[in-house]
Number of protein chains: 2
Amino acid sequence: MGMLYTGNNPQVMPYRDEHLAMDFTQQAVVLDSERVILTRKEYDLLALMVQHAGEIIPREALLMQVWGYSPEIRTRTLDVHVRRLRKKLGGYADQYIETIFGVGYRFQPFHAPRFFQHIAAKPLMAMGA
Amino acid sequence: MGMLYTGNNPQVMPYRDEHLAMDFTQQAVVLDSERVILTRKEYDLLALMVQHAGEIIPREALLMQVWGYSPEIRTRTLDVHVRRLRKKLGGYADQYIETIFGVGYRFQPFHAPRFFQHIAAKPLMAMGA
DNA sequence: GCCCCTTTTTACAAAGTTTTTACAAGTTAA
DNA sequence: TTAACTTGTAAAAACTTTGTAAAAAGGGGC
């Protein structure tokens with residue numbers, strides 16, 4: 001009986017809130033009961049943020065994790081991808097994907113309280129160049 | 001980690017939906033009550049996909065399983081076979097055989113919902129990288 | 001050998017994805 | 001307020017993957 005080893009598949013619990021659901025084994029994203037088609041990079045980016053929901057993820061961390069870029073690399077591709085992700089998340093986009101100015105981005109579950117809107121967010125890492 | 005059970009399983013349940021039926025013991029494919037004549041490779045390819053209906057099967061897995069090719073081999077024969085399969089599946093082809101860009105292909109049963117099914121029993125492959 | 005059928009390769013075309021570019025808009029601090 | 005810097009955005013360019021037609025290659029039977 002043949003078995004085909006097809007790679008690692010980290011067991012991550014699916015995400016679900018009032019509007020958005022994400023299944024990491026099927027690579028499926030559903031928004032208000034409709035499938036959202038994401039490209040690979042869009043998916044990787046969203047997956048990383050959702051798996052760290054509520055946490056601020058610095059640009060460098062996103063560029064490192066999703067693109068394999070080291071901090072010296074100057075690129076706008078992260079911004080462009082965030083923009084396209086937000087577009088595909090429709091009207092809830094800005095609620096889901098927060099911009100933390102000077103730092104990075106944060107995914108927030110739909111009803112997450114936003115008491116202390118990143119007041120404490122002083123740059124943890126240098127951004128430039 | 002994901003495993004696909006792909007080997008010479010002598011007891012595979014026949015597949016049937018509104019338009020397509022497939023009998024793996026007879027190696028017979030019927031589309032809207034008409035027999036579809038497939039070549040060996042076409043049959044092997046379709047059988048593998050149908051037996052994993054709803055799952056994304058990476059190109060490398062298809063090339064490994066149907067052709068015995070290792071991932072380094074560069075060939076377009078998979079694409080050509082998919083094309084001929086789709087041709088023989090007529091108008092339903094694109095509904096049955098989805099292209100997952102950058103990854104592989106997926107057979108979907110005719111009325112498959114385009115979002116979540118929790119097929120927790122069937123391990124899948126991570127799409128990343 | 002030839003014939004017939006299947007499979008693979010070749011060579012582009014078409015489609016899809018990602019990155020860059022260029023500038024607008026927003027933010028922060030002096 | 002201005003200057004310096006960061007993020008948003010649209011569009012183009014660069015790049016990658018898939019689709020397709022046609023030719024070439026392979027294989028079995030006669």
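Letters A, B, ... mirror the listed sequences (proteins, then strands); counts begin at 1. Remember, it's a predicted structure, so these values are computed and weren't measured experimentally.
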Response to the item:
Axis-to-axis angle across the helix from C/dG1-D/dC30 to C/dA30-D/dT1, five pairs each end, nearest 10 degrees, ~ 30°
Worksheet item: Separation of A/Ile100 atom CD1 from C/dG26 atom C1', in whole Å?
Response: 15 Å
Fill in: Whole-Å distance separating the CD atom of A/Glu42 from the P atom of C/dG16
14 Å
Worksheet entry | Side-chain donor/acceptor of B/Gln26 to backbone N/O of B/Asp23, under 3.5 Å | no
Discussion item. What's B/Thr77 touching, base or sugar-phosphate or nothing? Going by heavy atoms closer than 4.0 Å.
Written reply: base
Worksheet item: What residues form a side-chain hydrogen bond (donor to acceptor under 3.5 Å, both in side chains) with B/Thr99, not counting sequence neighbours?
Response: B/Arg86
Practice prompt. Using whole Å, report how far CZ of B/Phe101 lies from P of C/dA15.
Written response: 12 Å
Item to complete: When you get a sec, tell me which of C/dT6, C/dT8, D/dT18 is the closest nucleotide to the side chain of B/Lys41?
Response: C/dT8
Worksheet, complete the sentence: Contacts of B/Arg83 meeting salt bridge (Lys or Arg N to Asp or Glu O under 4.0 Å) (sequence neighbours excluded), chain-then-number -> none
Practice prompt. List in chain and number order the residues that pass side chain to side chain contact (heavy atoms under 4.5 Å, CB included) with A/Ile37, two or more places apart in sequence or in another chain; answer none if no residue qualifies.
Written response: A/Arg35
Discussion item. Enumerate the ring-ring contact (aromatic ring centres under 6.0 Å, His included) contacts for residues 16-42 of chain B, please, sequence neighbours excluded, ordered by first and then second residue.
Written reply: B/His19-B/Tyr92, B/His19-B/Phe110
Practice prompt. Quick one: list whatever passes side-chain hydrogen bond (donor to acceptor under 3.5 Å, both in side chains) with B/Tyr15, sequence neighbours left out.
Written response: B/Asp17
Discussion item. If the condition is side-chain hydrogen bond (donor to acceptor under 3.5 Å, both in side chains), which residues does B/Glu34 pass it with, not counting sequence neighbours?
Written reply: none
Worksheet item: Quick one: salt bridge (Lys or Arg N to Asp or Glu O under 4.0 Å) partners of B/Arg16, sequence neighbours excluded?
Response: none
Practice prompt. Please work out which residues in residues 67-75 of chain B have a non-hydrogen atom less than 4.0 Å from an atom of DNA chain C and list them by number.
Written response: B/Trp67, B/Tyr69, B/Thr75
Worksheet item: Tell me: CG of B/Leu85 to C1' of C/dT8, nearest whole Å?
Response: 16 Å
Donor-acceptor list for residues 46-55 of chain A side chains, cut-off 3.5 Å, not counting sequence neighbours:
{"unit_1": "A/His52", "atom_1": "ND1", "unit_2": "A/Glu55", "atom_2": "OE2", "d": "3.3"}

Worksheet, complete the sentence: Residues pairing under salt bridge (charged side-chain N to carboxylate O under 4.0 Å, His left out) where one sits in residues 61-78 of chain B, two or more places apart or in two chains, turn out to be B/Arg76-B/Asp79
Fill in: Nearest-Å distance for atom pair CG/C1', residues B/Asp94 and C/dA14
15 Å
Discussion item. Under a 3.5 Å threshold, yes or no: a donor from one side chain and an acceptor from the other, between A/Glu18 and A/His111?
Written reply: yes
Discussion item. If I take atom CG in residue B/Leu62 and atom P in nucleotide C/dT7, what distance separates them, rounded to the nearest angstrom?
Written reply: 16 Å
Response to the item:
With sugar-phosphate taken as primed atoms, P, OP1 and OP2 and all else as base, the protein-contact string of nucleotides 19-25 of chain D at under 4.0 Å (heavy atoms; B, S, -) is BBB----
Discussion item. What is the separation between atom CG on A/Leu78 and atom P on D/dG8, rounded to the nearest whole Å?
Written reply: 9 Å
Discussion item. From CZ of A/Arg40 over to C1' of D/dT18, roughly how many Å is that when rounded to an integer?
Written reply: 14 Å
